[in-house]
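For clarity, every value in this text was computed on a predicted model and none was experimentally measured.
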Amino acid sequence: MTASLTCGSCRSPIAPERLGMDATLACEACGALHLGEVFPAFHRERPAGATGEDVEAAGEATCFTHSRKRAVGACGRCGAFVCRLCELSIAGERLCPRCLDTGVAKGTIPRLETGRLLHGRIALSLATLPLLVFYFTLLTAPAAIFVAIRFWKAPRSLVRPSRAGHVVAVVLGLAQLVGWAFLVSMLFRMLTEGRGA
Amino acid sequence: MVEYRKLPGRGRRFTSPRWLDVMAPRTTVWLGSDHLLVVDDTGYSERYRRFPYADIQAIVVRPTKTYGTAAAVLALLAAVPLAGSFLTGEVGAWILRSLGGVFLLILAVHALRGPTCRTTLQTAVHVEEVPSWKRLRVARRGIARLRPLLQAAQKETVPATPPPT
């Protein structure tokens, strides 16, 4: 089965061979204009999905999951035999479906990672946003320092892997705590001086 | 660790009526070693979608009417206070002129950024919208940088020309 292109407005088919970035192509059905580019993969035939081969002789190695299917290899992580159907190739590594699930759940297959928490930004927000209502910083400053240090080695953004947020959060958090310490010492001094007089 | 290089443009991926969706993630597109990475950034987390260069079939850009509509609305928003400034006193006139000036400035920026568009990226199994390429000029620049990588990745695996029909 080969691919097809559809109009972004009315979903009618549009001619891929006439699509280009230099001249607009109007949809024949609705007249919507299109630019674009078609790449060689567009003309590639989609291969049929793999199915396991049945075991023909007794004693043949079989798939761990499908006992009637012939094994074509072993999982690179747990060693379980896999048939053609269960064989999953991720970044050059052969995996069985269970190890794939485990790897995705634990985040041990970076290639399949779908999201990350940005601890640096969370720490930075804890250190900056409460400044609007200063009293909250008594709680949020230690929280910002904790998050920044606790998640110092946690995976960072894939595209902006900087620790600047962590560093700024620690500096601001410490500054706020120093401010609070100064304030408390001033109050204490005023109280003791007042009592002495 | 995989190194990524950012492609031009940024946009928001709206999921509900856009005027309601204040938390819509910011979307950017990055070039990886063998795949394109679309990143949705919510502020405190990132969501990743990978598109191997060998699997990208087409990029379709559809010019939209947003450019003209937004320009007309901004022009109106600038014109009304500017016209009103001639009918009020000195202080009121300055306030209205300032207001009109702000809208004129936004209109100028909008006009300079160029026509708007909607860009989609097609693979064998689905079509992905690329909100960061919502200006024609940005989409052209992005595609120009992406083209050689896609062609290099697909040169050896598939025929460069369509099969005869």
Glu129(B) backbone acceptor or donor facing Arg118(B) side chain under 3.5 Å: no

Main-chain N/O of Thr6(A) paired to Arg11(A) side chain as donor or acceptor, under 3.5 Å: no

Interchain contact, Val60(B) with chain A, by part (heavy-atom threshold 4.5 Å): both

Check: Ala93(B) main-chain N/O paired with Thr88(B) side-chain donor or acceptor under 3.5 Å: yes

Which portion of Tyr48(B) sits near chain A, non-hydrogen atoms under 4.5 angstrom: both

Under 4.5 Å from a heavy atom of chain B, the part of Leu112(A) involved: backbone

Arg113(B) side chain near Tyr67(B) side chain, heavy-atom distance below 4.5 Å: no

Leu117(A), part contacting chain B, at a heavy-atom distance under 4.5 Å: both

Closest non-hydrogen atom pair between Leu138(A) and Trp180(A), with its separation: N-NE1, 3.4 Å

Top contributor to chain B interface from Cys27(A), Pro16(A), Ser125(A) [non-hydrogen pairs under 4.5 Å]: Ser125(A)

Chain B interface, residue from Leu25(A), Ile14(A), Val159(A), Ile122(A) that has the most non-hydrogen pairs under 4.5 Å: Val159(A)

Region of Glu46(B) that comes under 4.5 Å of a non-hydrogen atom in chain A: both

Between Gly120(A), Ala32(A), Ser9(A), the one whose heavy-atom pairs under 4.5 Å with chain B are most numerous: Ser9(A)

Pick from Arg5(B), His35(B), Lys6(B) with the largest number of heavy-atom pairs that fall under 4.5 Å of chain A: His35(B)

Segment of Leu150(B) engaging chain A (4.5 angstrom heavy-atom cut-off): side chain

Mutual orientation of the aromatic rings belonging to Phe51(B) and His126(B) [parallel < 30°, tilted 30-60°, perpendicular > 60°]: parallel

Contacting moiety of Arg111(A), where chain B heavy atoms sit under 4.5 Å: both

Residue pair Ser33(B) / Tyr53(B): nearest heavy atoms and the distance that separates them: O-CE1, 3.7 Å

Toward chain A, the part of Arg147(B) with a non-hydrogen atom under 4.5 Å: both

Toward chain A, the part of Val38(B) with a non-hydrogen atom under 4.5 Å: neither

Nearest-0.5 Å distance, CD1 of residue Ile90(A) to CG of residue Leu95(A): 6.0 Å

Best-contacting candidate, Asp41(B), Leu136(B), Ile56(B), against chain A by heavy atom pairs under 4.5 angstrom: Asp41(B)

Test applied, side-chain contact (heavy atoms from CB on, under 4.5 Å); reference residue, Leu121(B); option that passes from Leu36(B), Ile143(B), Val127(B): Leu36(B)

Under 4.5 Å from a heavy atom of chain A, the part of Arg50(B) involved: side chain

Nearest non-hydrogen partners of Gly9(B) and Thr28(B), listed with the distance: O-CG2, 4.0 Å

